[in-house]
Amino acid sequence: MVDELDLFKCEVAGTRLENVETVPAAVISARAFAPLRSILDLSARFSTAQTVFVLPKGRSAAQELEESSRKVRQMFHVEQSVTDDDAGILVGKLAKGLRKAT
C-alpha cells in the first residue's frame with residue numbers, strides 16, 4: 001500500500017504492536033485488529049493531541065462507539081464507509097493527556 005499510494009514518512013512494522021518502538025504518529029489506522037477499547041489502549045503511546053485515528057469497524061462501528069466510555073464517545077464519531085453501505089469508520093482524536101481510553 002505504501003508503494004501503491006506513493007506514501008513517504010510511513011513505516012510498516014512486521015511485528016506485534018507491543019514490540020514496536022514508541023514514536024509519535026500523525027495517523028493511526030487499524031482494520032480488523034481489535035475492539036475499540038483495546039486499539040486505543042495499545043496505541044495511546046503513539047498518539048499526540050494532533051493524531052487522527054481512522055478505524056474501519058464495519059457494521060459494528062456505531063455499536064462499538066456506543067459501548068465505549070463517555071470520554072471516547074465525545075472524541076470520536078462514525079463516518080459512513082464509501083465501499084459498504086452498512087459499514088462505518090470511527091474517526092477522532094484522543095484528548096491530550098489521555099493515557100488509557102477506558
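As the structure is a computational prediction, the values presented were derived from the model and not from experiment. Index from 1, following the sequence.
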Give the minimum heavy-atom separation between A13 and V20, together with the two atoms involved. CB-CG2, 3.9 Å
Do side-chain atoms of Q80 reach the backbone of A87 as a donor and acceptor pair under 3.5 angstrom? yes
Inter-residue atom distance S81.OG - D86.CG, 0.5 Å rounding: 9.5 Å
From CG (L42) to CZ (R37), nearest 0.5 Å: 12.5 Å
To the nearest 0.5 Å, atom CG of D85 lies from atom CZ of R59 at 10.0 Å
Rounded to the nearest 0.5 Å, what separates atom CD in Q74 from atom OG in S68? 12.0 Å
For T48 versus P24, what's the shortest heavy-atom pair and its separation? CG2-CB, 3.8 Å
Please step through side chain to side chain contact (heavy atoms under 4.5 Å, CB included) for the pair K93 and M75, ending with a clear verdict. CA-CA 6 Å; K93 294 181 179 183; M75 294 180 282; 6.0 Å; no
Distance only, no hydrogens: is a donor on one side chain within 3.5 Å (strictly under) of an acceptor on the other, for R45 and T22? yes
Under 3.5 Å, side chain of T51 to main-chain N/O of A26, donor-acceptor pair present? no
Hydrophobic cluster partners of V91 (side-chain heavy atoms under 4.5 Å): V27, V52, V54, I89
Looking at E4, I'd like to know if its CD atom is crowded, meaning that more than 12 non-hydrogen atoms belonging to other residues, nucleotides or ligands lie closer than 6.0 Å. no
Indicate yes or no: at least one non-hydrogen side-chain atom of S47 is less than 4.5 angstrom from one of I28. yes
Distance, nearest 0.5 Å, that separates CG of L90 from OG of S60: 7.5 Å
Over all heavy atoms of both residues, which pair between P56 and A30 is shortest? Give the atoms and the distance, please. CD-O, 3.4 Å
Could you check if a side-chain atom of P35 sits within less than 4.5 angstrom of a side-chain atom of E64, using non-hydrogen atoms only? yes
When every non-hydrogen atom of V2 is compared with those of C10, the smallest separation belongs to CG2-SG, 3.6 Å
I39 vs K57, side chain to side chain contact (heavy atoms under 4.5 Å, CB included): CA-CA, chis, key distance, verdict: CA-CA 11 Å; I39 292 171; K57 298 302 285 183; 3.8 Å; yes
Sequence neighbours excluded, every pair satisfying ring-ring contact (aromatic ring centres under 6.0 Å, His included) that has a member inside residues 21-79: F53-F76
